[in-house]
Amino acid sequence: MALSFSLSPSCLNTSMASGSASLMWFRKGLRIHDNPALEFASKGSNYLFPVFVIDPHYMESDPNAFSPGSTRSGLNRIRFLLESLVDIDLSLKKLGSRLLVLKGEPSQVLIRCLKEWDVKRLCFEYDTEPYYQDLDAKVKNYASAAGIEVFSPVSHTLFSPSDIIQKNGGKSPLSYQSFMKIAGQPSWASSPLSTVITSLPPVGSLRSCEISEVPTIKELGYEDIKQEELTPFRGGESEALKRLTEAIRDKEWVAKFEKPKGDPSAFLRPATSVLSPYLKFGCLSSRYFYQCLQDIYKNVQHTSPPVSLLGQLLWRDFFYTVAFGTPNFDQMRGNRICKQIPWKDNDELLAAWREARTGFPWIDAIMVQLCQWGWMHHLARHSVACFLTRGDLFVHWEKGRDVFERLLIDSDWAINNGNWLWLSCSSFFYQYNRIYSPISFGKKYDPNGDYIRHFLPVLKDMPKEYIYEPWTAPQSIQIRANCIIGKDYPKPVVSHDSASKECKGKMAQAYALNQKLNGLVSEEDLRNLRRKLDEEQKHEVKTKRQRKLPIGN
DNA sequence: GCATTGTTGACGAT
DNA sequence: ATCGTCAACAATGC
């Protein structure tokens, strides 16, 4: 199908003076197709400078991090980004241009480029994340003072988050249904107009700016890591379009797609499209994806949002909108939509979870897949997120969020935080009595435990009767399976039955407090509740011990 | 105030 | 495979 997006005529001012230069600043939106900023930058300019800035904060090796990578990102995602940059560089070269890679604090680098190259027009995709809101404000301030035209279109999402918030009376909708009601159809949904870029203006003189090619992982200062320990997913627009074509070739699969029915244990052929990392970096346009889906839907009976494939794109927009409209969205404190809950500060439990040694094979296998692939099925994410927070360990969702943010190749600020709020029953979803069992949830999809055997080879010879609960295997079986529990594979860090019961009790008390104080729970209120819960637990342990004592002693 | 709804729980009965 | 039960939440709409 043709790429078909129109820009409103007012955006297309082609009467620029000759000799003018435009700068296209790539951040997300690492694609040529459906890229309004790139298109606008290339129109009516004699020179085009396509720039990507390597932000040391994001890219520089950090030996103190808990996994290989920078302070903010694991190596898998850094590599995915570099692959995406190589791909866009190749595409630009085919169009008579190239990618100019620079290093440094992005606003400083950008401002220097604008001066040096006498840029008259600066184009970049609008970004709703707080980091870019701050950064972009600096760059825009400079540009407007210097008389540089700025074009910053919303093209990462289907809708403009600020439009939706405005339509909803200044607040973002807080449920999917209310979001859907307000959103309606995207403005561009039925305006097919092909805008395939066939050539680009040449890159002008670079003067004294230091430009490099896209660096390799090694050049960024990282050790080479064994291929088999890295993600099987390759970055880039070409790969994204290939994956999309493959996914939508099976029209029946697209029409019948129901997210909650997917199999989280499928790893040879994942149950979902795995387009999320490409959407995250903008290697794939969500709007192009949307139009491809509509193309298929119009001829066949199909599932509907929220469970359909289209529904997944709308979830993405939903979280982007709430995240944009909610101050302190990424933390509990000061977040008006987040329940205040006295989470435990327990680094040992957190480390056990993060390092895949909780002793629950289903949980640990998922965490290994996260570390190796940087991707796991949505329901697998639910399992481990629920386990860490309200289900078993009662560790703060922000801690789990940090681990996902670092390791996922598709980690996306709005969506990741939104889902952690959801799974921890801090917002959006509140039925804390519905807990995923770390034993039976995986078993119902994969009774043989093939997923566990693949990601936890230490358990590969454990009989299927015990693979979800290896600590219950008789010693003789453990010996035969070459896996002694407590030595080769850990014992469970908690008993799921008692831990989940305890969690439910804590959630009930925390909810009651939030309700009583109308959500205005102070640090002190939370401290008091935490103390109360600790005392109750001590008492509980004591009475249990007493019950165990032989009668008559 | 009350009924309904909410992307995806576990478990047991049919 | 589909249902009711368990125990039970908040937001929404009437």
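Chain letters run A, B, ... following the sequence lines, proteins first and then strands; every chain starts at 1.
Enclosure of atom CD in Q166(A) is not indicated, since only 12 or fewer non-hydrogen atoms of other residues, nucleotides or ligands lie within 6.0 angstrom.
Ring planes of F428(A) and W422(A): parallel class, angle under 30° (limits at 30 and 60°). Ring orientation note: the planes of W353(A) and F404(A) are close to parallel, at an angle under 30° on the 30°/60° scale. The aromatic rings of W362(A) and Y468(A) sit tilted relative to each other, their planes meeting at an angle between 30° and 60°. Aromatic ring orientation, F179(A) versus Y176(A): tilted (interplanar angle from 30° to 60°).
In this structure, the CD atom of Q177(A) is 11 Å from the P atom of dG13(C), given to the nearest Å. The distance from atom NZ of K261(A) to atom C1' of dG9(B) is 16 Å, rounded to the nearest whole Å. Between the CE atom of M507(A) and the P atom of dA7(C) there is a distance of 18 Å, rounded to whole Å. Residue K256(A) contributes atom NZ, which lies 20 Å from atom C1' of dT7(B) at whole-angstrom precision. Put simply, NZ on K339(A) is 14 Å from C1' on dA8(C), counting in whole angstrom units. In this entry the distance linking OH of Y445(A) with C1' of dA10(B) reads 12 Å, nearest Å. Atom-to-atom, CG of L513(A) to C1' of dA10(C) comes out at 16 Å; the value is rounded to the nearest Å. One can place NZ of K444(A) at 9 Å from P of dC11(B), the figure rounded to the nearest angstrom.
In this structure, E258(A) reaches neither bases nor backbone, as no heavy-atom distance under 4.0 Å exists between it and the strands shown. Within 4.0 Å of K443(A), counting heavy atoms only, lies no atom of the nucleic acid at all. Contacts of K504(A) with the nucleic acid, taken as non-hydrogen atoms under 4.0 Å apart, are absent.
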task = Could you walk me through whether Y489(A) and D364(A) pass the side-chain hydrogen bond (donor to acceptor under 3.5 Å, both in side chains) test, one step at a time?
result = CA-CA 10 Å; Y489(A) 181 73; D364(A) 293 339; 2.5 Å; yes
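Using a 4.0 Å cut-off between a side-chain N of Lys or Arg and a carboxylate O of Asp or Glu, E405(A) and R72(A) do not qualify as a salt bridge. Under the 4.0 Å criterion applied to side-chain N and carboxylate O atoms, D446(A) and K464(A) are not assigned as salt-bridge partners.
Taking atom P on both nucleotides, dC6(C) is separated from dG6(B) by 23 Å, rounded to a whole Å. A gap of 14 Å separates the P atoms of dT4(B) and dG4(C), to the nearest Å.
Judged by centroid separation below 5.5 Å and plane tilt below 30°, Y511(A) does not stack onto the base of dC9(C).
Near DNA chain C, meaning a heavy atom under 4.0 Å away, there are no residues from residues 373-400 of chain A. Within residues 422-439 of chain A, the residues that place at least one heavy atom under 4.0 Å from DNA chain C are, in residue-number order, Y430(A), Q431(A), Y432(A), N433(A).
Across all strands shown, dT5(C) forms a Watson-Crick or G-U wobble pair with dA10(B), both key distances being under 3.5 Å.
In terms of position along DNA chain C, the nucleotide closest to A508(A) lies nearer the 5' end than the nucleotide closest to the other residue of the pair S175(A) and A508(A).
Each of I182(A), L174(A), I165(A) was evaluated against T321(A); a single residue qualifies, I165(A), per the side chain to side chain contact (heavy atoms under 4.5 Å, CB included) test.
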